[in-house]
Student: 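Before anything else, here's the structure in question.
Chain A is the first sequence line, chain B the second, and so forth, proteins listed ahead of strands; every chain is numbered from 1.
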Amino acid sequence: MEENNYDYVAVEQKWQDNWFEANINVARREKNKKFFIHFAYPGVSGYLHVGHMRGFTYCDVIARYKRMTGYDVLFPAGFHASGIPSVGFAKKVERQDPDTIRLLKQNGCTPECIKRLTDPIEVINYFSKVYVDDYWKRFGFFIDYTRLMNTISDGYKKFIQWQFHKLHDKKLLIQKPHYAPYCPNCGPVAVDKSETDVSQGGSAEILDFTVLKFTLNDGTILPAATLRPETIFGVTNMWVNPTVEYHTALVNSETWICSKECIQKLSYQYDHVKPLDKTIIGKDLIGKTCIVPETNREVPILAGVFADPSVATGIVMSVPAHAPYDWIALVESKENIEAIKIIDVKGFGNNPAKEACDQLGIKSQTETEKLNEATDLVYKKEFHTGVLNGKCGKYAGIKISEIKDTVKNDLIQRNLAATMKEFSEPVICRCKENVVIKQIPDQWFIKYSDAPLTQESKDYAATMNIYPPEYKDELPKILDWFGDRAAIRLGSWLGTEFPYKKDWIIEPISDSTLYPAYYVISSYVNQKKIAIPDMTDAFFDYVFLGIGSPKDKIWQTIKSDFDYWYPVDINLGGKEHKTVHFPVYIMNHVAIMPEQKRPQGIFVHWWVTQKGKEKISKSKGGAEPIVEAAVTYGVDAMRLYYLHIGSPFVDIEWDPETVLKYKNRIINIWRLVGQIALLKDGKQENLDNWLKSSLQRRIKKILTAFEALDLRVASNEIYFELQKDLQWYLKRGGANQKLLHHFVRSWIVLMTPITPHLAEEFWITQGQKQFVSNEPYPEFNSKDISEKDEVGEYLLNRVIDDTIEIMNVTKIAPKKICIYTSPAWKQKIFRKAIASAAGNNFNVGSLIKETLVDPAMKSLGQQVSQFVAKIAPEIKTYSEIDRARFMIPLDEKKHLSDAKTYLTDALHCPVEIYSADDADLNDPAKKIKFATPLRPAIYIE
RNA sequence: GCCCGGGUGGUGGAAUCAGGCAGACACAAGGGACUUAAAAUCCCUCGGAGGCAACUUCGUGCGGGUUCAAUUCCCGCCUCGGGCACCA
């Protein structure tokens, strides 16, 4: 290896080959002290990009640190294969989606390979291999690859069925109606932002409308849908669209008039909806009247062109005092109807809707943008600060924010209203059909709302190690908020069959809650030491819960493994898991696992984004493929980048130029270490002691940081501060080969968890034969601490800084520089002052008096009082570290004199060093009086 | 709407948990050294204003408050982002 030519690609490859050949990554039980860490397993349905490697890297660094500090480390990994993503990917390949095909070709996928990927199982197999070979091994991760597993394997399915049997036993599986997106052609669909199933409307929300039953004279229901049921008290009229043909239907035993679209939608949500033949054009309804439920007032039906048949029921109730749309429509209708104000709210008068319209200058129903703004304004204000007034019967005096659901539930209970679910925007299936919301009357849920389970989970979470701490505060709130989760789904997706309903499949969040436990078993499954049929409920009961007796010797072996490794010490995942995966992970463990097997810690990391905080994506150009990036930057540079560029708890912006800087830094460290060997050996006691001491300080800080999983601080100390220390030492003329050798050896070991390839390569240059990855991590050695020399170098630095500052301000080109350290009497007073400041009883007057008791001081009278007055405000601001520094006895003159050569070099000018106590002084400019401890006076000639 | 997290130099971001020198560490920029040149490397400057001696002064989204002391704590705003349940 050439000194200036660090071929990282070859180095990385070499060490990965060596490591994995030696099975260094396989978890072993040796030290009777274990650490179990894993990352939330990724879905396997596409290539990953550089952003994904961030969390994986954190995990590997922590695992490597732990194994070097005396732990048996279990760091397994697996693949989340259940759900629809792989099915979606296979579908794309099948329909020859151009982007997908291009992507596969770019990544070296052959035509035969592409053909195979029309099968979701092949998609999973293909990407599982890519992740392992091209990503994880390529990054040098010490994952125990003998335990790889996925969530659709036969063994895993047995495990999940056991889990659901347990949930059922504990009465945590319940049935109740559920509403889910549904395509009349394709069945259940997922509405999500990635739009796997749908071609439009991926970010739609499901809105919960209240349908109020207004009645016509003949008893027919005119259903109006609203999100504000409490405004029923302010209804003055109805709006129907005069040009729309309304349909009728028998809903339960009532006849409803509403839009055709509404009947279609309701037929999926209600049990008994029977369309009738009778239709009626909107204009024929106009002029009729209907009865308002609850208040029983009679109100007219008017023409409103904005009533959209595709939204909710197609019929709108009018509350002109509180809805800007209604107000403007009423004005335009020229009807003589008075608005009814039912909400008192600060900042508005008798008609909030009118006032908001006037404020924005709205004149017509067609000004939808402004009308939306006005609606928003009125609604927000009323929701937060509004109170129902005397016109609202028994609800009078109650805040809007508290009453909404009460009114709704009361009306429903008295059959005056119903509910209707509706998307906030149109959702179109891939097959072009409109997606509807379908009721599933007896959906199975996991009962996360269960009060004892929630409470126990909150109590338990409070005892966990959670990074960042903010998330720990958030968790109880999330656990409270977390409601029942629909756990199964009918349709074409992968997963475990639900044991209590044939053909239904357990959904992918619910099958990923206890899975780290399965890593203990997957090792034996992969080695075929246990057969799938033997993995019965009794087996899992025995291994996990200690119930029953072993049917086989292997059961005992597995149980002993489980008892050794479990629980998980750190589960690491991205911030997207905060509100979904981690809560169910905790709750399922609390529900099913014994207390001593519950998770110990969670580490949440944020994302890698593109410039401008956008989520990284291929289309926006930020998604550098991992394999190419590894070649461009080097794996160690990327690992260091992830650790150092920002705290784990902020989003970082991917910036190729910055990554290149880290690459250069690695190469620079390589060169720097290479140069050391060429130095001519030499000793300088002060300086050598300083380097030794400094190294120990760094080690202490690094260990503290790693223990707190503060990876950023650890990496900063290792790659920046230690390098700075070494450079300072060399610049100062340090050349103690034995010491340098010790320093470099320690440095290499310190680097190992973060840049392991570089470290291994360094290690052999030090004549070592074993893996540095197996070395013990350095420990703090207090014997090497030399406070005197630390303070000495601090003093030296300060003198140089001050001198340069003076030269800059005065623009003097120096011929000679004189440095005067402070007299002994000043040092004495200073220490005394510091001591009393530390004891919190610092007082200028008493200090002067006490000092002057000493006859030697008395002769200096004036000077003493001036000095004390001057240092007083300064001393008050000192931190503990600052104060400690002044208490260390140091011969300032001697330390500076020892460094005279360096001072002369650094300041490019001859330097003379005096103590103010010296008999023979050269002080032409009378600068000496400025000298204070650790702050010598300086005179520039 | 509900829950949560942010707002600090030209930039990414430290310090916020526990009030105590704001801007660590880096990037970019400018100046200098070295070099035939470039790259790399090294040195210096780098929030604003002022300053010819070891400084002064203003400054952490806005408005108040507590305190000897507030980026940090409290109250009220503005604003950006995330999550919200069948995507994982």
Side-chain angles (χ1 to χ4, degrees), chain A residues 4 40-43 45 80 82-85 88 178-182 188-197 202 205-206 227 379-380 383-384 401 404 440 443 448 468-471 473-474 477-478 480-489 491 493 507-510 512 573-581 583-584 606-607 613 615 644-647 649-653 655 657-658 661-662 664-665 667-668 671 712-713 715-716 719-721 724 727 731 798-799 801-812 876-879 882 906 925 927 930-932 935-940:
Chain A
N4 290 325
Y41 50 17
S45 57
H80 197 191
S82 27
I84 48 171
H178 183 59
Y179 297 88
Y182 181 84
V189 293
V191 174
D192 71 273
K193 284 174 190 138
S194 62
E195 302 197 334
T196 307
D197 283 0
E205 288 177 61
I206 295 179
L227 293 168
Y379 183 77
K380 271 192 180 154
F383 185 84
H384 289 289
S401 50
K404 205 172 259 296
I440 303 160
Q443 169 68 292
Y448 291 116
E470 291 77 18
Y471 182 53
D473 300 335
E474 237 180 289
K477 295 178 224 170
I478 294 169
D480 270 334
W481 160 85
F482 208 97
D484 300 336
R485 184 173 181 99
I488 61 173
R489 176 173 149 164
W493 70 0
E507 63 86 30
I509 293 297
S510 303
S512 306
K575 68 175 177 180
E576 71 277 17
H577 295 301
K578 287 203 295 180
T579 52
V580 185
H581 169 62
V584 297
W606 267 234
W607 295 332
K613 310 267 184 204
K615 199 168 174 176
H644 187 259
I645 191 69
S647 136
F649 318 124
V650 294
D651 289 333
I652 56 174
E653 293 185 17
D655 178 4
E657 284 183 26
T658 307
K661 298 290 172 184
Y662 282 95
N664 285 337
R665 177 160 293 268
I667 293 170
N668 286 343
R671 286 189 192 143
R712 188 159 195 257
V713 167
S715 59
N716 194 59
Y719 295 89
F720 294 86
E721 300 299 335
K724 227 160 46 175
Q727 281 175 333
K731 202 161 104 179
R798 207 150 126 158
V799 166
D801 284 352
D802 283 349
T803 311
I804 289 170
E805 164 87 20
I806 295 165
M807 292 195 296
N808 280 341
V809 176
T810 60
K811 307 201 169 57
I812 296 171
K876 277 189 195 163
T877 67
Y878 283 164
S879 68
D882 291 329
K927 293 292 177 192
F930 293 115
T932 63
R935 201 91 199 247
I938 296 159
Y939 169 61
I940 300 178

Student: So what does A/Asn668 hit on the nucleic acid, given a heavy-atom distance under 4.0 Å: a base, only sugar-phosphate, or nothing?
Tutor: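 The residue A/Asn668 makes sugar-phosphate contact but no base contact.
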
Student: With a non-hydrogen cut-off below 4.0 angstrom, is A/Ser647 in contact with a base, only sugar-phosphate, or nothing?
Tutor: sugar-phosphate

Student: Expressed in angstrom and rounded to an integer, what is the separation of A/Ile84 atom CD1 from B/C87 atom P?
Tutor: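 Between P of B/C87 and CD1 of A/Ile84: 6 Å.
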
Student: With nearest nucleotide decided by heavy atoms, which residue, A/Val713 or A/Ala925, maps closer to the 5′ end of RNA chain B?
Tutor: A/Val713

Student: Taking OP1 and OP2 of B/G5, is either one under 4.0 Å from a side-chain nitrogen or oxygen of A/Lys578?
Tutor: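 Checking B/G5 against A/Lys578, no side-chain N or O comes under 4.0 Å of OP1 or OP2.
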
Student: Using Watson-Crick or G-U wobble geometry with both distances under 3.5 Å, which nucleotide pairs with B/A24?
Tutor: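 Its partner: none found.
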
Student: Using modelled atom types and a 3.5 Å cut-off, is there a donor and acceptor pairing between side-chain atoms of A/Asp651 and backbone atoms of A/Trp606?
Tutor: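 Judged by distance alone, no pair lies under 3.5 Å.
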
Student: Between A/Lys575 and A/Tyr471, does the side chain to side chain contact (heavy atoms under 4.5 Å, CB included) criterion hold? Intermediate values first, please.
Tutor: CA-CA 10 Å; A/Lys575 68 175 177 180; A/Tyr471 182 53; over 6 Å; no

Student: Which base sits across from B/C17 as a Watson-Crick or G-U pair, both distances under 3.5 Å?
Tutor: none

Student: So what's B/A69 paired with, Watson-Crick or G-U wobble, going by both distances under 3.5 Å?
Tutor: none

Student: Quick one: do the A/Trp493 and A/Glu507 side chains pair a donor with an acceptor below 3.5 Å?
Tutor: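 No - no donor-acceptor pair under 3.5 Å links their side chains.
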
Student: May I ask you to say what A/Gly83 touches in the nucleic acid, namely base, sugar-phosphate or nothing, with a heavy-atom cut-off under 4.0 Å?
Tutor: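 Sugar-phosphate contact only - A/Gly83 comes under 4.0 Å of backbone atoms but never of a base.
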
Student: Using a 4.0 Å heavy-atom cut-off across all strands, classify A/Ala40 as base, sugar-phosphate, or nothing.
Tutor: nothing

Student: So A/Thr579, base contact, sugar-phosphate only, or nothing? Heavy-atom distance under 4.0 Å.
Tutor: sugar-phosphate

Student: Just call it for A/Pro936: base, sugar-phosphate, or nothing, with non-hydrogen atoms closer than 4.0 Å on any strand.
Tutor: base

Student: Of A/Phe930 and A/Tyr662, whose nearest nucleotide on RNA chain B comes first from the 5' end?
Tutor: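 Result of the comparison: A/Tyr662.
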
Student: Should B/G9 be called syn or anti, with syn set as within 90° of 0?
Tutor: syn

Student: Base, sugar-phosphate alone, or nothing: which one does A/Ile509 contact when heavy atoms must sit under 4.0 Å apart?
Tutor: base

Student: Side chain of A/Lys927: nearest nucleotide among B/G82, B/A53, B/C17?
Tutor: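 The closest nucleotide is B/A53.
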
Student: Report which part of the nucleic acid A/Tyr939 touches: base, sugar-phosphate, or nothing (heavy-atom distance under 4.0 Å, all strands).
Tutor: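 The answer is base, as A/Tyr939 lies within the cut-off (heavy atoms under 4.0 Å) of a base atom.
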
Student: With respect to the phosphate group of B/C4, does any side-chain polar atom (N or O) of A/Lys477 fall under 4.0 Å of OP1 or OP2?
Tutor: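 For A/Lys477, the contact criterion (side-chain N or O under 4.0 Å from OP1 or OP2 of B/C4) is met.
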
Student: Donor-acceptor pair under 3.5 Å: do we get one between A/Arg671's side chain and the base of B/A40?
Tutor: no

Student: Taking the six-membered ring for Trp, are A/Tyr662 and A/His644 ring centroids under 6.0 Å apart?
Tutor: yes

Student: What integer distance in Å separates A/Glu507:CD from B/A88:C1'?
Tutor: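 Distance check: A/Glu507 CD to B/A88 C1' gives 10 Å.
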
Student: Applying a 4.0 Å non-hydrogen cut-off, can you work out what A/His644 is touching in the nucleic acid: base, sugar-phosphate, or nothing?
Tutor: sugar-phosphate

Student: With the threshold set at 4.0 Å, does a side-chain nitrogen-carboxylate oxygen contact exist between A/Glu474 and A/Lys477?
Tutor: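 Salt bridge: no.
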
Student: Determine the contact category for A/Glu205: base if any of its heavy atoms lies under 4.0 Å from a base atom, sugar-phosphate if only primed atoms, P, OP1 or OP2 are that close, otherwise nothing.
Tutor: nothing

Student: Please classify the nucleic acid contact of A/Tyr471 as base, sugar-phosphate, or nothing, using heavy-atom distances under 4.0 Å.
Tutor: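 A/Tyr471: no heavy atom of the nucleic acid under 4.0 Å.
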
Student: Taking atom types as modelled and ignoring hydrogens, do the side chains of A/Ser512 and A/His581 form a donor-acceptor contact shorter than 3.5 angstrom?
Tutor: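 Distance-only check fails for A/Ser512 and A/His581.
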
Student: Report which part of the nucleic acid A/Arg712 touches: base, sugar-phosphate, or nothing (heavy-atom distance under 4.0 Å, all strands).
Tutor: base

